[in-house]
Every structure is written in C-alpha cells, then in structure tokens.
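A short write-up of the structure that comes next.
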Amino acid sequence: LTYNQSLSLVTDLYQITMAYGYWKSNNMDKESVFHLYFRNNPFQGGFTISCGLEYVVDYLENFKFDQSDVDYLATLTGNDDKPLFEKGFLDYLVALDFACDVDAIPEGTVVFPNEPLLRIKGPLIQCQLLETALLNIINFQTLIATKASRVVLAARKEPVLEFGLRRAQGIDGGLSASRAAYIGGCTATSNVFAGKIFGIPVKGTHAHSWIMSFDTELEAMQTYAKSMPNNCVFLVDTYDTVQGVKNAVKVGKTLKKNGFKMAGIRLDSGDLAYLSGEARKILDDNGFQDVSIVASNDLDENIINSLKEQDAKINVWGVGTKLVTAFDQPALGGVYKLSAIREKDGEWQQKIKLSEQSIKVSNPGIQQVRRFSAKSENMGDMIYDITSNIGDEPTMIDPLDSTRRKVFTKDTDYVDLLVPIFREGKKVYNLPDINSIRDITTKNLDKFYSGVRRFVNPHQYTVGLEQSLYEVKNALIMKLRQKK
C-alpha cells in the first residue's frame, strides 16, 4: 500500500511551494547546481562511509508525478481556503520529465565533511524538487554504513551479524539499515527480506521462546537439533548460562555422532567477558574447540572494544538496536545547497549561504573532490571548481584556517571522486553489486592512516579548498556581508 505508487511526493511541502514560485516567475528552467554534503563526521569519529546511491538511482529513474499526485496537491489550500496551486502548474508537474545531470561518490567510499556526495545539475525546479528525498536516502544509509564499519573495526575482523530489524525505524528503515550495515562490513543479517531483495547472507536459529516452550532446556535443544541439525547455534542464557552451555555440549555430542556439527552457542545477557571465558573452557574441555561463541545484548563498537580489552572469548558478534538506529547519533545532518545558477546561455553565478557559524557557510561553484595519495596511503582531499584551471601543482587551503596549506606536486597520484551517474536524465552508470560495494569499503579504509579509524580523538584527515575556490568563496563572503 505504501510503496506501490509514485514516490514523487516523498518531499517537504516547501519544495513544492518553491517549485510553484519558480514556475509562476518563469524561473523554473534556470540552470542550477546543488551539492549534497554533511558538516561533521558522525559518532565523533574520523571518517564516514558513503552509502545509498543505489536507492538514489532507483528513485531518480522512477521520478514522475502521476495523476494521483496532482489530484492530491489540488486539494491543498492556503490561508484563504483557496487552492495553493493553479491547474496549469499541476499539469506542468504531470508532464515533467527528469532531465538533470547527476554525479556522485560511489558507495563504500570513505568521505569527509563538506565533500559533496552528490552533485545535481539541471533545471532549477527539478533540482529543488529532489532535495528532500535525496537527503532522506543518503543521510540514513551513510549514517548506518558508518556505524557498521566502526562496529566491524572494533570486532577486529571477526564476523559481525546485524540483528536489528525488530528495533529498526519501520519496515523501510529496517530494510535500508540491513543493506547499509552489510556495505559497512557486517557479514550477514537476520532480516530475511533484505536477504531476498539484496542477496545479503541471512543468519538465525532460535530465541528464548523456543527454550521456554519446552519443559526443560535440554529437551528444547535436543528437539531443535533433531529438527534442524545443520543450523545449530544454541541460546544458552534462558535460565542459567553455565548450565546452558553444558546442555549445549550434550546435544553437540549427539550431533557429532550423527555426522553433524554444533556451529555455536549464543550469550545474550550477563557479564559477557566472564561468561564467554567459562563457556570457552567447557567447550574446549569437551572437544568443541571449533564451536563459535556468539554474543548479543545491546552491543556497539565501544562495548565490543571493551570486551576485546578484557580478553573475552567471543568470536562472532550479533549487533542490533545500537547499529540499525545509530543509537548514539540519530541523524547524519546532511544538507543540500545551491552553489551556482545561470540564465540560459549566460555566465555561471556562484552562490553561497552565509551564517554566523563558519562551519555553516557553504562552498560555491561546480564542485569536484580530488583525492591525493602516495605509497598507497591517502594524503588529502581537495575540493575544487571544475570550471577553474587549477594547474598541475594546486594549493589546498583549510577553509577554517588559511595558514594551513598544502601544495600537491604534479607527479602526485590522485583520483576524482565524483563520477557521472545521469546525463540529461539518462543513467550512464553501471551499479556494482552489493558485495563489490562492501569490498570498496574495506579497501578504502585500509588506505588511510590508522589514526583516522581511531574511536577516541581520531586523527583529522586533511580536507581543504583549492586556492582559487577558497579565494572566490572569501570574495563572495565579503561582498554579501557588505550588502548587509
């Protein structure tokens, strides 16, 4: 019911009222450029993982107002109880065909504040109408992919299973969170729908209710083993954890005799460091050295890191609520800002948004991000205007501290991060499969100094503006402040 229809009204009303204003004033076809970016790394971290582009592509390929959309808009009224929108505007919306150029940083790429994740270029009215949906998609999936990558880093290459569907923000939130968590590095999900839609591996055995539905814990485990001998990870903390492990061992021995293997036990409460140690002893003493100990119970990267420091004997991590809800930071805070505009066949006019807070002053121009590297380690990211001649040895300036400058020599390796996705509304980008995107995340993180990945007081990776863009921005700031 919710999604079996046009999604063009997945937007804020003010996008449509502005679109109406552009139409009424005959400004709808002005060529414009918008950038989608964020201002701070989430979780007080040192990096962010870009995510959500596949959803963006799907949304844009299907962007179209249908008759039911405009029929609804026709019911909206203003303060005078008269229709908000003229019929001519609603007819215009129905006839509207997506015709923008879109460039984006591929999913799984490590990104940083103020770098455009998306660049949208096209008719002003279209660019404006896309804002809310694009922010909704990119903000959430980027946030969850980043959280997942932090959890995976804390687990130190041990498998992390995403178990968050029941605590996720609705069905769509659960689905997109499972996708983003896998891209961030999780190895599997409990979300069967995500497995079907995206091809993510799914994992799961039984819950406490299974154990409680039998007279004894041992009977419950024995019955499960008979029912599904090739999928046995026993939850051992329903009554007494140590006794639960002993019961699992009994059942594991029966499985072994019948040619099957107990894959693991799961701890879901209590002192996980202590109990995992006790469980490991019991398992090892009974010949189950290869049986995994899975832990859950409101885990996140900080708790996992602490358990690692305590030498917990856990080797598979089930992470749910705090991952799919980004528990300690509910939103990425991405923004979408106009940076250039021009009349037909005219000159580009660069635009910025001013603020009393320096961090909220936007960057002008038609932006690209150039990532420089040496000896397989990234050195810095430079934001530049593609209409400028930046030369062979560009200078990068920290926009918040002009004394911090870096010159890149002409023999320095680099890659431009934004790649073409749509041209005049037609897709020109081949979407990679989800496993390839997940590999991009891992390979990208490996190319940064380890301090960038640190959880506490992370190293600040160098990001700045190319010198001419920095100068243009300052000139615009001065000009606009004088107007005040």
Side-chain angles (χ1 to χ4, degrees), residues 30-41 48 50 101-105 109 111-122 124 127-128 131 134-135 138 332-343 346-372 378-408 412 414-418 460-484:
K30 279 186 177 180
E31 193 170 10
S32 62
V33 178
F34 286 74
H35 295 91
L36 187 155
Y37 62 97
F38 59 95
R39 297 187 178 112
N40 295 290
N41 286 314
T48 301
S50 63
D101 292 351
V102 179
D103 293 77
I105 295 179
T109 305
V111 290
F112 299 93
N114 300 308
E115 298 179 346
L117 307 189
L118 293 176
R119 184 178 74 223
I120 315 295
K121 176 174 171 283
L124 177 59
C127 294
Q128 191 73 69
E131 175 179 358
L134 298 186
L135 283 169
I138 296 295
L332 178 65
V335 295
Y336 184 88
K337 298 298 181 186
L338 175 68
S339 61
I341 197 166
R342 69 174 175 178
E343 303 283 356
E347 293 291 321
W348 281 107
Q349 300 174 44
Q350 294 170 314
K351 299 287 184 177
I352 62 169
K353 173 195 172 294
L354 285 186
S355 173
E356 298 300 321
Q357 298 170 259
S358 297
I359 196 171
K360 287 194 171 185
V361 178
S362 63
N363 293 323
I366 306 174
Q367 299 162 34
Q368 173 63 277
V369 184
R370 180 162 292 183
R371 177 162 291 168
F372 293 90
N378 294 320
M379 301 166 54
D381 289 3
M382 182 183 73
I383 302 167
Y384 70 97
D385 188 325
I386 63 173
T387 65
S388 299
N389 179 15
I390 64 174
D392 293 332
E393 297 191 340
T395 298
M396 182 174 74
I397 303 174
D398 183 337
L400 301 180
D401 181 358
S402 62
T403 64
R404 297 181 63 189
R405 300 182 176 216
K406 190 176 185 71
V407 178
F408 295 103
T412 306
Y414 69 84
V415 61
D416 285 341
L417 298 185
L418 288 155
Q460 185 178 353
Y461 179 74
T462 303
V463 177
L465 301 181
E466 184 272 328
Q467 184 170 1
S468 62
L469 179 58
Y470 174 85
E471 291 168 352
V472 166
K473 179 177 180 177
N474 275 352
L476 284 170
I477 291 171
M478 295 298 295
K479 181 179 179 180
L480 290 170
R481 296 233 190 267
Q482 288 170 1
K483 282 185 177 180
K484 292 174 67 178

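- Closest heavy-atom contact between Pro394 and Gly391: CD-O, 3.9 Å.
- Minimum heavy-atom separation, Tyr470 to Ser402: OH-CB, 2.9 Å.
- Contact check for Leu134 versus Phe34: no side-chain heavy atoms found under the 4.5 Å cut-off.
- Here the side chains of Val369 and Val111 are not in contact, with every heavy-atom distance at 4.5 Å or above.
- Counting heavy atoms from C-beta outward, Met379 and Thr462 have side chains that stay 4.5 Å or more apart.
- Heavy-atom minimum distance, Gly365 versus Val33: O-CG1, 4.3 Å.
- Side-chain contact check for Val463 versus Asn114: every heavy-atom pair is 4.5 Å or farther apart.
- With sequence neighbours excluded, no residue satisfies side chain to side chain donor-acceptor pair (under 3.5 Å) with Gln368.
- Between Trp348 and Ala340 the shortest heavy-atom distance is CE3-CB, 3.6 Å.
- For the atom pair CG of Leu400 and CD1 of Ile359, the computed distance is 7.0 Å after rounding to the nearest 0.5 Å.
- The structure places CG of Leu117 at 8.5 Å from OG1 of Thr48, a figure rounded to the nearest 0.5 Å.
- Atoms CZ and NZ, from Arg39 and Lys360 in turn, are 5.5 Å apart once rounded to the nearest 0.5 Å.
- Heavy-atom neighbours of Gln460 CD from other residues, nucleotides or ligands within 6.0 Å: at or below the threshold of 12.
- Here Lys351 pairs with Leu338, Ile341, Gln349 under the side-chain contact (heavy atoms from CB on, under 4.5 Å) rule; sequence neighbours left out.
- With a 4.5 Å cut-off on side-chain heavy atoms, Glu343 and Lys30 count as touching.
- Panel note: side chain Arg371, backbone Leu417; no donor-acceptor pair is recorded below 3.5 Å.
- Checking side-chain atoms of Asp401 against main-chain N and O of Thr403 turns up a donor-acceptor pair under 3.5 Å.
- Residue Ile366 holds its CD1 atom at 12.0 Å from CG of Leu418, rounded to the nearest 0.5 Å.
- Considering CG of Asp416 and CD1 of Ile105, their distance stands at 10.5 Å, rounded to 0.5 Å.
- In this structure, the side chains of Tyr384 and Met396 stay at 4.5 Å or more apart for every pair of heavy atoms.
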* To do: In sequence, state the C-alpha distance, the side-chain angles, and the governing distance for Ile138 and Leu118, and then conclude on side chain to side chain contact (heavy atoms under 4.5 Å, CB included).
  => CA-CA 9 Å; Ile138 296 295; Leu118 293 176; 4.1 Å; yes

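- A donor-acceptor contact shorter than 3.5 Å links the side chain of Tyr336 to the backbone of Cys127.
- For the pairing with Asn363, the side-chain hydrogen bond (donor to acceptor under 3.5 Å, both in side chains) check across Gln350, His35, Lys473, Lys337 returns one residue only, Lys473.
- In this structure, the side chains of Pro364 and Leu469 come closer than 4.5 Å at one or more pairs of heavy atoms.
- Here the options are Met382, Arg404, Arg405, the test is side-chain contact (heavy atoms from CB on, under 4.5 Å), and the partner is Ile397; only Arg405 passes.
- A parallel orientation is assigned to the rings of Phe372 and Phe408, their planes being inclined by less than 30° (bins at 30° and 60°).
- Between the side chain of Ser362 and the backbone N or O of Lys353, at least one donor-acceptor pair lies under 3.5 Å.
- Between Gln357 and Ser355 there is a side-chain heavy-atom pair separated by less than 4.5 Å.
- The CG atom of Asp398 sits 12.5 Å away from the NZ atom of Lys406 when rounded to the nearest 0.5 Å.
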* To do: List the steps, then state whether side chain to side chain contact (heavy atoms under 4.5 Å, CB included) holds for Glu115 with Tyr37.
  => CA-CA 6 Å; Glu115 298 179 346; Tyr37 62 97; 6.0 Å; no

